[in-house]
Amino acid sequence: MWSFFARDPIKDFAYEILPDTQEKSGIWTLHRGKRKTNGEPVSVFVYEVAQGTEQQTQLAKAAFKRMKTLRHPNILAYVDGLETEKSLYLVTEQVIPLAIHLKAQAEKGGAGELEISWGLHQIVKALSFLVNDCHLLHNNLGMWAVFVDRAGEWKLGALDHVAPEQGDPSGVSLPAPKAVYPDMEKYDPPEMSNSSGEKWAGEVWRLGCLIWEVFNGPLPRTSSLRSLGKIPKALVPHYCELVGANPRARPNPARFLQNCRTPEGFLSNSFVESNLFLEEIQIKDPAEKQQFFQDLSENLDSFPEDFCKHKVLPQLLTAFEFGNAGAVVLTPLFKVGKFLSAEEYQQKIIPVIVKMFSSTDRAMRIRLLQQMEQFIQYLNEAAVNSQIFPHVVHGFTDTNPAIREQTVKSMLLLAPKLNEANLNQELMRHFARLQARDEQGPIRCNTTVCLGKIASYLNAGTRQRVLISAFSRATKDPFPASRSAGVLGFAATHNYYGITEIAARILPTLCALTVDPDKSVRDQTFKAIKSFLSKLETVSEDPNMLAEVGASSSWAGWAVTGMSSLTSKLIRNTPGTEGGPAAEGSGPANATSPTSATDSASVGRTSSSVAVKKQSSDWSSSGWDADDSWSNEKEGQGQSSAGEEGWGNDWADEETDTLVNKSLPLPEGVRLTSEYNWDSSGTAKGAIQNDLFASVSQRNTASTAVSTVRTVRDGWSAEATGDWGTEESWESVDGSQGLSKAELSKKKREERRKELEAKRAERKAAKGPLKLGARKLD
């Protein structure tokens with residue numbers, strides 16, 4: 001009656017047995033299972049009392065007891081157990097039988113010697129623990145007694161027949177394996193059990209049988225042990241000792257392990273050494289850990305995938321979080337990350353990467369930037385904008401040129417994930433400062449290239465305000481590659497410009513480069529000019545083609561390709577080796593002369609005060625449309641020219657030519673671009689209104705008339721692009737040199753003064769002298 005109300009203990013068991021798969025393992029049945037609370041995978045060995053004999057039940061209960069009391073890293077780990085009248089449940093770490101593991105590996109091409117060497121090392125170590133430390137004999141060693149966990153680690157199990165070497169003190173003896181399974185007799189040693197050999201003689205004989213089966217498959221008969229088969233040559237001498245006819249000559253498991261670990265031995269390789277180090281990593285010195293992680297990245301390619309995922313990766317994460325391993329763990333960490341699924345990567349590695357970006361260790365930061373391509377696809381936009389980008393931008397102002405360069409390059413990967421404020425304001429502000437002020441030519445060039453490549457991610461307002469001015473400044477850089485980057489930038493972003501901007505702003509800038517000292521710059525310039533002229537000519541012939549030509553990118557495909565090749569060349573250059581101020585002072589020819597990174601850094605320090613005066617400043621709070629670091633200096637010189645104040649009001653007064661021509665007469669034969677009839681069908685007015693940039697010429701510019709007049713040079717307005725600090729940032733390359741900037745400005749002011757005085761004199765001569773008190777009569 002009471003049994004009716006008793007609860008079934010299986011229902012209260014903390015583990016669930018999965019019914020999908022089961023494997024026979026001796027007297028046990030191996031099932032996959034999981035913990036009910038958190039789904040942790042486990043293995044469950046089940047023995048049904050009703051289906052076994054009395055001897056088998058005795059062995060199962062003995063194994064149940066041994067599993068609880070024996071603890072060793074190389075012995076199958078006991079997790080939990082349940083014993084009922086009907087069944088025995090033994091819960092262990094998740095494993096599969098060695099035979100199934102080797103079969104799966106054979107389908108993939110076979111288990112490598114490295115994996116087998118470490119597996120045998122573990123089994124021999126476990127056997128040595130039983131024999132030498134616990135004074136126990138396994139009595140059941142074979143393929144069926146070895147299991148493999150998720151990391152590929154071999155574990156010794158099947159403890160059914162384990163007994164003390166001197167016999168059980170209670171007098172209860174367990175049946176021998178061959179008494180339960182008659183076919184196990186072929187694994188018994190040839191000598192009698194009561195022979196005078198060492199107690200471990202039978203154990204190491206069975207170890208020899210295990211080695212034979214690992215390399216050659218199931219053992220058909222005892223005599224087959226004489227045939228070596230596929231046993232590696234390095235292991236043959238030691239294998240022969242194990243299966244020798246004389247039991248006294250068989251080595252102790254500990255000595256066998258020592259013999260195989262000698263130089264050139266089967267167990268002496270990088271995989272075994274790495275595993276042994278990982279087992280003792282907590283007690284190693286920091287210097288030893290650093291060296292180990294440096295060597296590990298080279299060896300990981302030859303290590304098994306499961307081992308990397310489940311053993312190396314946890315150790316790497318632990319070493320970073322608690323061991324202060326630093327940047328040295330990054331390379332092996334990302335190598336192991338290739339074996340993970342997207343979900344596993346997001347769960348295990350991304351939190352560590354986010355934490356690494358906040359590190360002040362320069363080696364860590366530059367390694368992260370260099371290898372960003374390996375993990376950028378796993379980063380979500382929220383983490384990039386709030387946790388990663390705020391730390392990355394510090395690299396733009398770092399004193400180390402290599403970090404500045406890598407930070408610029410990383411923007412190619414980060415830009416698609418940046419939000420509006422970070423991309424269009426914060427990033428543009430840093431790009432403007434780098435292009436104007438950085439002392440390294442390659443960094444200025446890479447900034448221009450990067451800007452051209454991320455232009456598609458910028459909003460329309462930022463593109464209109466930034467691109468032309470940025471590429472115009474690049475065309476005046478003394479570093480030839482930067483000038484090429486500016487030209488290619490114009491061509492690669494052609495679809496963002498209206499025809500008015502092409503005619504009034506881009507082509508005049510490009511024409512100045514047709515006489516560039518560097519032939520490669522001239523070649524790119526002529527290509528770009530021809531492309532832009534072709535676009536203008538097409539629209540002139542048929543204004544309806546404007547939208548189609550603007551959207552087409554085929555005609556500028558060479559620019560995109562050229563931009564990529566230019567970037568690849570610069571990426572291989574260290575930023576401290578060319579393009580510094582010292583080289584630029586002597587002209588473009590010297591801009592590429594190699595200097596050491598140390599020399600470049602020292603030049604930057606000694607000329608920092610001069611560079612600050614020469615370079616234009618950050619481009620206002622929005623990043624591109626102001627330059628307030630020059631106002632005091634210019635006031636001291638008596639100048640207030642908007643055209644010379646770096647970025648000044650380039651965006652507010654884009655069409656200064658219109659205003660200039662209202663204030664002063666243009667030279668003979670010259671007309672404004674707005675006066676040309678681009679549409680022969682009479683729809684010119686509508687076309688101009690639809691053009692994004694044509695309406696700029698219709699603005700009321702009376703408020704800026706005074707400042708714009710001062711930009712006039714011999715009747716022509718200063719370049720509407722704002723000059724990007726040509727006169728302030730770098731020495732001019734247009735050939736009108738020999739005088740300092742102050743002397744040139746003074747000379748131009750003097751010429752202008754003389755011109756105005758001459759015009760006043762002409763007006764006075766035409767009207768005649770004025771007389772005081774004279775009255776005009778009708």
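Sequence positions, counted from 1, serve as the residue numbers for this chain.
Environment of NZ in Lys230: sparse, with no more than 12 heavy atoms of neighbouring residues, nucleotides or ligands closer than 6.0 Å. Within 6.0 Å of CD on Gln258 lie no more than 12 heavy atoms contributed by other residues, nucleotides or ligands. Atom NZ of Lys61 has 12 or fewer neighbouring heavy atoms from other residues, nucleotides or ligands inside a 6.0 Å radius. The number of heavy atoms from other shown groups lying within 6.0 Å of CZ (Arg226) does not exceed 12.
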Report the C-alpha distance between His101 and Glu115 in whole Å, list the side-chain angles of each, state the deciding distance to 0.1 Å, and finish with yes or no for side chain to side chain donor-acceptor pair (under 3.5 Å). CA-CA 12 Å; His101 174 75; Glu115 181 181 358; 2.7 Å; yes
Given side chain to side chain contact (heavy atoms under 4.5 Å, CB included), test Asp160 with Ile27 step by step and report yes or no. CA-CA 9 Å; Asp160 309 1; Ile27 61 176; 3.6 Å; yes
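Ring centers of Tyr187 and Trp144: under 6.0 Å apart, within the cut-off. The distance between the ring centers of His391 and Phe357 does not fall below 6.0 angstrom.
The side chain to side chain donor-acceptor pair (under 3.5 Å) pairs that include a residue from residues 43-56 are Tyr47-Thr57, Glu48-Ser87, where partners are two or more places apart or lie in different chains.
Ring pair Phe45/Phe147 is perpendicular by interplanar angle, where above 60° counts as perpendicular and below 30° as parallel. In this structure, Phe375 and Phe334 have parallel ring planes: the angle between them is below the 30° cut-off, well short of the 60° mark. A tilted orientation is assigned to the rings of Tyr89 and Phe13, their planes being inclined by 30° to 60°.
With contacts defined as side-chain heavy-atom distances shorter than 4.5 Å, the pair Leu127/Glu203 qualifies. In this structure, Leu316 and Leu296 have side chains that are in contact, with non-hydrogen atoms separated by less than 4.5 Å. Contact annotation: the side chain of Leu276 approaches that of His121 to within less than 4.5 Å [non-hydrogen atoms, C-beta and beyond]. Taking 4.5 Å as the limit, some side-chain heavy atom of Lys309 sits within range of a side-chain heavy atom of Leu340. Residues Ile123 and Leu141 are in side-chain contact: their nearest non-hydrogen atoms beyond the backbone lie under 4.5 Å apart. Proximity of Met364 to Leu368: side-chain heavy atoms (C-beta onward) are separated by under 4.5 Å at one or more points. Counting heavy atoms from C-beta on, the side chains of Ile116 and Val214 come closer than 4.5 Å. Side-chain contact between Phe215 and Leu228: absent, with no pair of heavy atoms (C-beta onward) separated by less than 4.5 Å.
Salt bridge annotation for Arg250-Glu198: absent, with no cationic side-chain nitrogen under 4.0 angstrom from a carboxylate oxygen. A salt bridge between Lys348 and Glu343 is absent, with no side-chain N of the basic residue lying under 4.0 Å from a carboxylate O of the acidic one. Looking at Lys103 and Glu107, no side-chain N of the basic residue comes within less than 4.0 Å of a carboxylate O on the acidic one, giving no salt bridge.
Put simply, the side chain of Glu165 never gets that close to the backbone of Leu136: no donor and acceptor are under 3.5 Å apart. In this structure a side-chain-to-backbone donor-acceptor pair under 3.5 Å is missing from Glu23 to Leu30. With hydrogens and angles ignored, the 3.5 Å screen pairs no side-chain donor or acceptor of His31 with any backbone N or O of Glu16.
In this model, no donor atom of one side chain and acceptor atom of the other lie less than 3.5 Å apart for Asn275 and Glu279.
Take Asp188 and apply the salt bridge (charged side-chain N to carboxylate O under 4.0 Å, His left out) test, not counting sequence neighbours, and it matches Lys178, Arg206. Take Asp301 and apply the side-chain contact (heavy atoms from CB on, under 4.5 Å) test, not counting sequence neighbours, and it matches Lys335.
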